[in-house]
Each structure stands twice: as C-alpha cells, then as structure tokens.
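These notes concern the structure reproduced below.
Computed from heavy atoms alone, side chains included, the values below leave out hydrogens, waters and symmetry copies. Here is how names work: the chains are called A, B, and so on, in the same order as the sequence lines, proteins then strands, and each is numbered from 1.
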Amino acid sequence: MSDIQTLYAAFAARIDAVLSALEAEAVLPAGVSRANVAVEPPRDPSHGDLATNAAMVLAKPAATNPRSLAEKIVEHLSRDPAIVSAEIAGPGFINLRLDRKVWEEELAAIAALGSDYGRSVMGDGTRVNVEYVSANPTGPMHMGHCRGAVVGDALANLLEYAGHAVTKEYYVNDAGSQVDTLARSAHLRYREALGEDIGEIPAGMYPGEYLKPIGKLLAEEFGDTYRDAPESEWLLLFRGKAVAAMMDQIRADLAMLGIKHDVFSSEAELQAAGKPEQAEAWLRAHDLVYDGVLEAPKGKAPPEDWEPVELPLFRSTKFGDDQDRPIKKSDGKWTYFGADLAYHMQKAESADALIDIWGADHAGTVKRIKAAVAALAEGEGKVIPFDVKLVQMVQLLRNGEPAKMSKRSGNFVTIADMVEEVGKDVVRFSMLTRKPDAQMDFDFVKVVETSKDNPVFYVQYAHARICSILRRAAEEGIAPRSDQAALLGEDELALIKLAAQFPREVEAAARAREPHRIAFYLYELAGALHGWWNMGNDDPQKRIIVAQKLTVSGARLFLALQIGQIIRNGLAILGVEAVEEL
RNA sequence: GCGCCCGUAGCUCAGCAGGAUAGAGCAUCGGAUUCCUAAUCCGGGGGCCACAGGUUCGAAUCCUGUCGGGCGCACCA
C-alpha cells in the first residue's frame with residue numbers, strides 16, 4: 001500500500017532512522033518528539049538537494065548545542081551511499097547532496113508511473129464529500145458562482161489525486177421562497193407566451209430573458225389552462241418545471257467549465273423524505289434542540305415587526321456559535337438552516353469528512369453549520385471532520401467599471417458568456433492563480449485583452465513545445481532513450497530535481513486544501529522548461545536535438561517527455577487542457 | 001457594536017506545517033531571433049512584508065492590540 005512514496009518522504013525516513021540510532025546511543029533522550037523535524041529542499045539550490053533542521057529542533061531536549069548534535073547526525077548520514085555530502089551550515093542546518101543516481105532513478109520513476117506519478121496514498125481511501133456551486137436554481141450560472149465552482153472542482157480533483165475517495169456534490173435549493181418566486185416569474189412569461197402584454201416585470205420577480213423559453217414551453221404544454229387559475233393550482237407544477245429547466249441550464253453551464261458533479265441532492269426531496277424531522281428528533285433526544293425565544297438582533301435597531309416568538313432552537317452556542325439558531329419558522333416550515341442541518345447529517349452518513357465551498361457572503365452562517373456537524377459526535381455519534389472553505393468575492397469589472405452581478409437585475413455576465421469569449425482554460429486557470437481567501441478583481445475586458453500574458457498560456461506553451469520537439473524528433477527518427485540519463489548535464493539535473501517535487505507539492509496542496517499551489521508549481525516548472533529550451537539558442541550544443549549526437553539527444557528527449565508528463569498530470573488536477581500545439 | 005477574510009515591489013499576486021541574503025508576472029531600462037514554436041529567454045533598477053508589542057535559537061508566517069479595505073450579522077436563501 002505504501003510503496004508509493006515521495007523521494008522526500010523516503011529521505012525523511014532515513015533521517016528518522018538516524019535519529020532512532022542516536023536515541024539508542026543515548027545521544028538523544030528516548031521518546032523526544034520529532035514532530036518539528038522537517039526534511040525539505042532548501043530555498044537556495046546551492047545549499048544542496050535536501051536540508052533538515054533536526055539538529056536545531058532537537059538540541060535543547062538533548063541538552064547540547066545544535067552544531068555538535070549536527071555533527072553526530074552527519075556522521076551517520078555520511079554512511080548512506082545515496083548521500084554524497086552532508087554539511088552543517090548556518091545555525092545548524094544539515095544540507096545534503098544526493099548522488100545523481102537518485103535523480104536518474106526518479107526520472108525513470110516518472111516514466112514508469114506516467115499519469116500516476118504524483119498520486120499519493122496520503123488520503124488512505126477515506127471518503128471526502130466536497131459540496132460546491134450549489135447555486136440556487138433560479139437562473140443561469142453567472143460569474144459570482146465561478147470562483148467557487150472552479151476552486152471546488154480543482155480541490156476535489158486534488159484530493160482524489162492525493163488518495164481520497166471523493167464525491168462531488170451539488171445541493172439544489174429547490175424548496176425555499178426563491179423557487180416560488182421563480183415559479184411566479186415563469187407564470188408571467190407563460191402568460192406572455194400566450195399573447196398577453198405583461199409590461200414591466202414587477203419588482204421582486206426575476207426579470208431575466210432566460211425565462212421566456214420556459215414560458216413558451218409551459219404555454220405549449222398547458223395551453224391557457226392556468227392563465228387565470230389561482231396560484232395554488234399551478235405553483236408547485238410550474239415550480240417543478242422551472243427548476244428542472246434551470247438545473248438543465250446550470251448543468252450545461254458547468255459542463256462548459258469542465259465540471260460534472262457526482263450527486264445532485266434536492267432540498268425538496270430531503271424534506272419530503274422527512275429528514276429534517278429525523279434530525280430534530282435526534283437532536284431533541286440529545287438535548288440539542290429546545291423550544292426557546294430568540295434574542296432581539298444586537299448592534300442595530302431591531303426590525304419594526306420584531307417580537308419575541310417561541311421557536312425550536314438548535315443549541316449551536318454549545319459548539320461555539322454566538323447564539324442558538326432556529327430550525328423552524330413560526331409558520332411551521334423549516335428554516336434554511338434547519339434543512340441544511342439535516343442535509344449535512346445525510347452527507348455524513350456516507351462520508352468520513354465533509355468540505356463545503358461557500359461564497360464569502362455566507363461567512364456569517366459558518367459557525368452554525370459547523371456546530372451542526374460537530375453535534376453529530378454527541379452520544380454514540382462519530383466525529384466528522386468538516387471544513388467550510390470560503391471563497392472570497394470576485395469584483396467583476398468591465399474596463400475598470402464595476403459590472404453588476406445580481407441575478408435579480410437580469411443584467412449579469414454569465415459563465416457561458418465568459419467561457420465562449422475567453423475559453424474554459426483561461427477562466428479556470430485565472431481563478432486558480434490566487435489563493436481563494438483573498439478578494440480578486442476580474443476585469444472582463446482586461447482578461448480578454450491580456451490573454452496572451454495569461455499564465456495559462458505560459459504553461460500550455462511549455463507543454464506544446466515538448467510535444468513539438470517530440471514530433472520533430474520522430475520525423476528525424478530520433479527516439480527518447482531511458483538508458484542514457486548519465487549523459488544529462490547539471491542544467492538538466494536541476495530540471496529533474498524540480499520535477500521530482502511534484503509529488504511533494506500534491507501532498508502539501510492536498511493537506512492545505514489549496515489547489516492553487518499546483519498552478520504556481522506548474523508555472524515554475526514551465527519557466528524552467530522554457531529556460532532550458534532557450535539555452536539552445538545561445539549554444540547549439542545545448543539544444544535538445546543535436547544532429548550528430550543521437551544518444552545525448554535521446555536522453556534529453558526522454559527528460560522532455562517526462563516534464564511533459566508532469567505538466568499533464570498537474571493540469572489534469574486543475575481541469576485545464578494540456579494542448580499539443582498553440 | 002460583533003464575527004469572518006485580507007493588508008508583501010508602482011500594479012496583480014506567490015511565499016511550501018516558523019528557517020539561512022523576501023520571490024514571480026506586468027510596467028520600466030538594457031540585451032538575445034539566418035538556429036528545436038520569441039505566446040520564449042538573459043540581465044538591471046525597484047521592499048521598515050500596514051503599524052506596535054509578545055512567543056523563541058530564529059517570525060512575512062504563530063499570539064495580542066491598533067489602523068486600513070472587503071463580506072456578513074433574519075423565522076431570508
């Protein structure tokens with residue numbers, strides 16, 4: 001199971017073995033924590049291939065100074081044939097240089113593992129449910145949904161690559177008042193399709209043109225049966241039809257971004273199945289729901305019509321929330337939270353860990369839902385690790401001017417517009433080249449204008465160049481050779497070392513749940529590839545294909561082939577195409 | 001008033017479970033193209049990492065406070 005191990009982990013294990021040996025020699029006291037011992041590539045490559053802080057971290061518990069402890073560690077490490085030098089530097093770092101065979105073998109490992117190079121067993125097959133997008137089914141996807149959609153999708157891919165069993169899930173809010181409004185808006189368009197002049201769309205209704213085709217379909221299917229009928233006769237019917245149409249639209253929009261969810265969970269079905277009642281009963285049995293009176297809102301004037309009412313409240317303060325939260329409204333219907341609580345319980349039944357991707361405008365409700373999941377551990381329950389990743393707002397601009405994104409305004413930039421204009425890859429990559437917890441600007445015009453400077457092309461160009469050189473070599477009858485790595489020079493070795501960091505980057509990104517790290521790594525790798533390539537411009541002997549040197553060319557082609565493999569593996573996580581030509 | 005997020009080069013952003021002289025792109029200045037795709041490369045200039053304390057061998061990174069910006073603070077979704 002654990003035979004897939006990163007090179008860095010392998011050497012960390014060797015250093016750990018040395019520390020155990022030192023414990024046996026009583027140089028180190030037994031049982032000292034090594035949690036802070038790090039083994040990583042130094043920032044400055046001139047320091048070597050690997051560095052460890054072991055001596056600095058352990059000097060104090062060993063009652064010695066870092067340098068003398070380092071000397072003892074170095075003494076052991078020097079016996080390892082894979083380590084050609086171990087030097088003490090600065091305040092007590094130990095810098096290691098590895099035998100070039102180690103790197104040659106790593107290059108062979110990339111070739112052997114192919115699209116699996118970088119996959120990790122870190123996740124150990126645990127089931128992670130990632131819920132993302134979950135946009136209300138009241139209109140097409142717009143740019144406000146885009147960032148969460150892309151980040152969630154890349155995160156799910158990343159966790160899968162890191163060894164988790166991932167479910168991509170979408171929660172369809174098809175039971176609240178917004179979908180009733182949708183149904184009424186659709187009814188207006190239905191009357192319009194029947195020839196009626198409906199004039200201006202009243203405030204509070206969805207004015208978007210996208211409802212016109214639905215009105216038309218409803219008119220074709222039902223004629224004028226419901227034109228003047230009371231709302232009670234058509235509301236549920238129209239709601240169902242409209243939501244289904246909206247979800248088809250949303251699925252199509254998501255497909256344009258390369259996103260496909262495994263599961264769509266319906267709030268209406270959840271309620272019809274009595275899940276909220278079950279949740280309430282369980283929570284009441286554990287004294288986590290009680291009937292109480294909500295406090296008046298603090299910090300600002302209470303609404304005009306505010307009055308104390310007794311409601312079933314979830315004891316979320318017990319788990320760190322600021323106040324207890326109602327799960328039912330005074331009309332007896334479930335609050336959004338009440339249903340969402342039951343929904344998270346449902347997800348927890350078939351997952352070992354949950355992740356929600358939300359927009360920052362929902363930050364205020366994080367504590368209560370975290371409280372709800374934490375409550376599952378009460379009694380005989382199990383602890384479900386649960387993370388809400390907040391994706392900060394995207395300020396959508398058009399030539400520096402703020403562009404409206406409100407779904408209700410009917411004036412918004414849809415994802416379909418954006419993808420058609422700049423392409424899926426640009427949209428995805430630009431959403432992934434910044435950490436999600438910082439706000440970002442997205443200027444519709446600027447992104448189109450500067451798409452040539454967009455980092456995605458830089459990475460794709462690197463891949464295309466590799467494909468180009470391989471095509472060229474094939475024409476000339478030169479094949480990549482896996483058995484000539486010894487002919488590679490220092491520049492090429494440096495490239496292998498960077499490539500070898502990919503598995504480590506995958507694990508680090510997965511642990512931090514930050515897919516953007518993969519994008520930055522690929523950018524760096526692409527830069528190294530371009531630099532290597534351009535050496536051939538200054539010195540023809542350094543070109544990848546050198547006419548008279550078939551074995552060297554073969555070795556370099558093999559290296560190029562493996563760099564291309566890693567770019568493909570990384571881009572696959574991000575959901576960006578590895579194009580073969582630009 | 002309270003909660004969450006952010007503050008790093010002129011601009012847009014990285015900074016890897018605290019590590020060794022703080023990095024990249026854009027912009028700017030100077031170079032490379034009879035040659036594997038110049039959508040590329042090489043080099044220069046440009047920083048009190050918002051501010052003030054604290055934790056320790058060591059802080060852009062962790063803690064506290066202040067200032068500045070964003071989002072939120074319903075029985076809505």
Side-chain angles (χ1 to χ4, degrees), chain A residues 35-36 38 40-44 47 51 53 56-57 59-60 65-66 89-93 95 136 138 173 175-179 267 294 297-300 302-303 306 309 311 321-323 325-331 333-340 359-367 390 392-393 395 433-441 446 450-455 457-458 460-462 464-465 467-473 476 501 504-505 508-509 511-512 514 516-517 519-521 523-524 527 529-538 540 543-547 553 560 581-582:
Chain A
N36 293 324
E40 52 195 11
R43 283 193 180 164
D44 184 344
H47 288 145
N53 60 356
M56 289 185 289
V57 173
K60 200 178 244 182
N65 65 69
F93 286 101
N95 291 327
N136 289 329
T138 54
N173 299 132
S177 60
Q178 292 194 5
V179 283
E267 182 185 0
L294 215 51
K298 284 176 187 164
K300 58 177 187 181
W306 188 85
V309 180
L311 293 167
D321 198 4
D322 308 317
Q323 57 176 285
R325 305 290 175 177
I327 59 171
K328 268 186 189 172
K329 299 186 260 186
S330 49
D331 66 1
K333 289 183 180 169
W334 297 100
T335 61
Y336 181 85
F337 173 64
D340 204 26
D361 52 344
H362 288 79
T365 60
V366 169
K367 281 185 178 176
L390 288 178
Q392 290 294 322
M393 296 287 102
Q395 166 98 333
T433 41
R434 57 214 66 213
K435 53 177 187 260
D437 41 12
Q439 297 153 236
M440 70 179 282
D441 289 345
K446 203 172 168 189
T450 63
S451 59
K452 284 189 176 180
D453 293 324
N454 195 303
F457 290 100
Y458 188 79
Q460 288 184 319
Y461 183 36
R465 271 188 151 168
C467 293
S468 164
I469 196 84
L470 290 166
R471 282 193 299 267
R472 176 77 171 232
E476 298 184 17
Q501 290 195 35
R504 195 174 164 274
E505 293 288 339
R511 196 163 21 234
E514 292 181 345
H516 74 273
R517 290 190 192 181
F520 282 95
Y521 169 76
Y523 190 81
E524 192 183 348
L529 185 279
H530 288 309
W532 180 46
W533 176 286
N534 274 275
M535 284 179 188
N537 285 341
D538 300 328
R543 295 173 73 181
I544 295 170
I545 299 176
V546 182
S553 298
E581 278 179 87
L582 274 184

#### Entry: Under-4.0 Å side-chain N/O to phosphate OP1/OP2 contact, A/Trp334 with B/C75
no

### Task
Please confirm whether any donor atom in the side chain of A/Ser330 sits under 3.5 Å from an acceptor in the base of B/C75, or the reverse.
yes

Give me the distances for all protein-to-nucleotides 60-63 of chain B N/O pairs that come in under 3.5 Å?
unit_1: B/A60; atom_1: N6; unit_2: A/Arg43; atom_2: NH2; d: 3.1

### Message
Check this one for me: any side-chain N or O of A/Arg517 less than 4.0 Å away from OP1 or OP2 of B/C16?
### Response
no

### Query
From B/U40, B/G19, B/C16, pick the nucleotide closest to the side chain of A/Tyr458?
B/U40

### Near-ring test A/His47/A/Phe93, centroid separation under 6.0 angstrom
no

### Query
Where does RNA chain B pair, written as one dot-bracket string 5' to 3', with Watson-Crick or G-U pairs under 3.5 Å, ( ) inside the strand, [ ] for crossing pairs and | for another strand?
(((((((..((((.....[...)))).(((((.......))))).....(((((..]....))))))))))))....

### Query
Which of the following nucleotides, B/C75, B/A14, B/U40, is nearest to the side chain of A/Phe520?
B/A14

### Task
With sequence neighbours excluded, tell me which residues meet side-chain hydrogen bond (donor to acceptor under 3.5 Å, both in side chains) with A/Gln439.
none

### Query
Name the one of A/Thr365, A/Asn173, A/Ile327 that satisfies side-chain contact (heavy atoms from CB on, under 4.5 Å) with A/Tyr336?
A/Asn173

### Message
If stacking means aromatic ring centre less than 5.5 angstrom from the base's six-membered ring centre, planes under 30°, is A/Phe93 stacked on B/A20?
### Response
yes

### Message
As a test of reading the structure: which of B/C75, B/C36, B/A14 is closest to the side chain of A/Ile469, going by heavy atoms?
### Response
B/C36

### Query
What integer number of Å spans the C1' atoms of B/C4 and B/C57?
35 Å

### Message
Is A/His362 stacked against the base of B/A77, taking the criterion as centroid distance under 5.5 angstrom and interplanar angle under 30°?
### Response
yes

### Query
Rounded to whole angstrom units, what separation is found between the CG atom of A/Asn53 and the P atom of B/G18?
10 Å

### Query
Nearest to the side chain of A/Gln392 - B/C16, B/C35, B/C5?
B/C5

